[in-house]
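Quick note on labels: first sequence line is chain A, next is B, and so on, each numbered from 1.
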Protein chains: 2
Amino acid sequence: MDGGARPVGARERRRGSVRIGELAAATGVSVRALRYYEEQDLLVANRSPSGQRHYPDTAVERVQLIQQLYAAGLASKTVVKVLPCIETEEVAPQILELLRAERARIDEQITGMLETRDRLDAAITAASEARGDGRSCPR
Amino acid sequence: MDGGARPVGARERRRGSVRIGELAAATGVSVRALRYYEEQDLLVANRSPSGQRHYPDTAVERVQLIQQLYAAGLASKTVVKVLPCIETEEVAPQILELLRAERARIDEQITGMLETRDRLDAAITAASEARGDGRSCPR
DNA sequence: CTAAAACCTGACGTTGACGTCAGAGGCAAG
DNA sequence: CTTGCCTCTGACGTCAACGTCAGGTTTTAG
């Protein structure tokens, strides 16, 4: 891991001066991941004269959005394209098609996962009943 | 690719004698994937004296189930454990916990994807309206 | 019988999203 | 000024689920 407790000093947080470690702690993603996002042009940082990254406060939301899109199965190349659209709500026409395609893909995936969940439920229920293991009174 | 058209001859299919190429064609997965499943102990095959794999007809369903579980984000090590339970509906107690854990994970993932879908919808709707591009009359 | 198609076993290559390590600065506290 | 944590840039490692290629055997169509 990279961040545990954060003895950040006292009167930090000058608005727009979040360093990479703090951002990592705030979002729950690793420092490495944040640098990776920058490589992928998903996240930009202001650089101090010495080269250190400083993020605006909005970066927290942005990182969380990136995670959400990743979790939905979008590739980083896709995320790069759709990110600005989602944040600004201004969508270029070519991107619109991409959005629709991804939406459709997500929808299919949800459908599949609902089916899978039901199959797992069936097995779980069968097992519970076979064991007289009613799930509402485990005690 | 491995299978395109399948000039399989005429009086094949002696019940329980499906070869790997046919199974691939029937399930839509690649021959390589089927061999991989065997490596992972997800799929067993009878071997002819010369070493060729012959699958029972039930293999089709099994492969589809494997795919479904993969699509839901289960790892192959997990699939190995839960597969027999789902097929036979007989669940060992340790596996039961695993099933519940995976079910919960899937549930969370579905929730997340629903949120993501809504965000995409918002962007899509905003874009469509901005362009006067009602989705019901594209012409 | 012969040629084509399908199958076999290794074994190395691929892709994405990071993990991890090395070596070299930077920055607030005592 | 020194100590100790944080940060920097490479750059190689990882893991899963296959893809792909090589070299050889088997089955099938004609």
Worksheet item: Does C:dT9 have OP1 or OP2 sitting under 4.0 Å from an N or O in the side chain of B:R53?
Response: yes
Worksheet item: Do any side-chain nitrogens or oxygens of A:S76 fall under 4.0 Å of OP1 or OP2 in C:dA17?
Response: yes
Worksheet item: C:dC18 P sits how many Å from A:L42 CG, rounded?
Response: 10 Å
Practice prompt. Please report the C-alpha distance between A:R119 and B:L69 in whole Å, then the side-chain angles of each, then the deciding distance to 0.1 Å, and finally whether the side chain to side chain contact (heavy atoms under 4.5 Å, CB included) criterion is met.
Written response: CA-CA 10 Å; A:R119 300 198 74 158; B:L69 294 173; over 6 Å; no
Fill in: B:S48 side chain near D:dT26 phosphate (N/O to OP1/OP2, under 4.0 Å)
no
Worksheet item: Separation of B:Q40 atom CD from D:dA16 atom C1', in whole Å?
Response: 9 Å
Discussion item. Both B:L74 and B:P49 contact DNA chain D. Which one's nearest nucleotide lies toward the 5' end?
Written reply: B:L74
Worksheet entry | Under 3.5 Å donor-acceptor pair, A:R19 side-chain atoms to D:dT7 base atoms | no
Fill in: Shortest non-hydrogen contact from B:H54 toward B:S17
ND1-OG, 3.4 Å
Discussion item. Given C:dC8, C:dC18, D:dG19, identify the nucleotide with an atom nearest to the side chain of B:R32.
Written reply: D:dG19
Discussion item. Assess the residue pair B:E129 and B:T125 against the criterion (side chain to side chain contact (heavy atoms under 4.5 Å, CB included)); give the C-alpha distance rounded to whole Å, side-chain angles, the decisive distance to 0.1 Å, and a yes or no.
Written reply: CA-CA 6 Å; B:E129 285 176 358; B:T125 303; 3.7 Å; yes
Practice prompt. Return the value, rounded to whole Å, for the distance between atom CD of A:E38 and atom P of C:dA17.
Written response: 17 Å
Fill in: Whole-Å gap separating P (D:dA17) and CD (B:E39)
12 Å
Fill in: Sugar-phosphate only, base, or nothing, as touched by A:R35 at under 4.0 Å among non-hydrogen atoms
base
Worksheet item: Given B:Y37, which of B:R62, B:R32, B:Q67 fulfils the side-chain hydrogen bond (donor to acceptor under 3.5 Å, both in side chains) condition?
Response: B:Q67
Practice prompt. Take atom CD of B:Q52 and atom C1' of D:dT25, then tell me their distance rounded to the nearest Å.
Written response: 9 Å
Worksheet item: Given C:dA17, is OP1 or OP2 found less than 4.0 Å from the side-chain N or O atoms of A:Y36?
Response: yes
Discussion item. Which residue is it: B:V29, B:T78, B:L65, B:L42? I am looking for the one with a side chain to side chain contact (heavy atoms under 4.5 Å, CB included) to B:Y70.
Written reply: B:L42
Discussion item. Please confirm whether the shortest side-chain N or O distance from A:Y37 to OP1 or OP2 of C:dC18 is below 4.0 Å.
Written reply: yes
Worksheet item: Within the structure, does a side-chain N or O atom of B:S50 lie under 4.0 Å from either OP1 or OP2 of C:dC7?
Response: no
Worksheet item: For the pair made of CD in B:E22 and P in C:dC7, what is the distance, rounded to whole Å?
Response: 7 Å
Discussion item. Expressed as a whole number of angstroms, how long is the span from A:Q67:CD to C:dA17:C1'?
Written reply: 10 Å
Worksheet item: Once you round it to whole Å, what is the distance between C1' of C:dT15 and OH of A:Y70?
Response: 13 Å
Worksheet item: Nearest of C:dC7, D:dC18, C:dC18 to any side-chain atom of B:I20?
Response: C:dC7
Discussion item. For D:dT9 and A:R47 - does any side-chain N or O of the residue sit under 4.0 Å from the phosphate oxygens OP1/OP2?
Written reply: yes
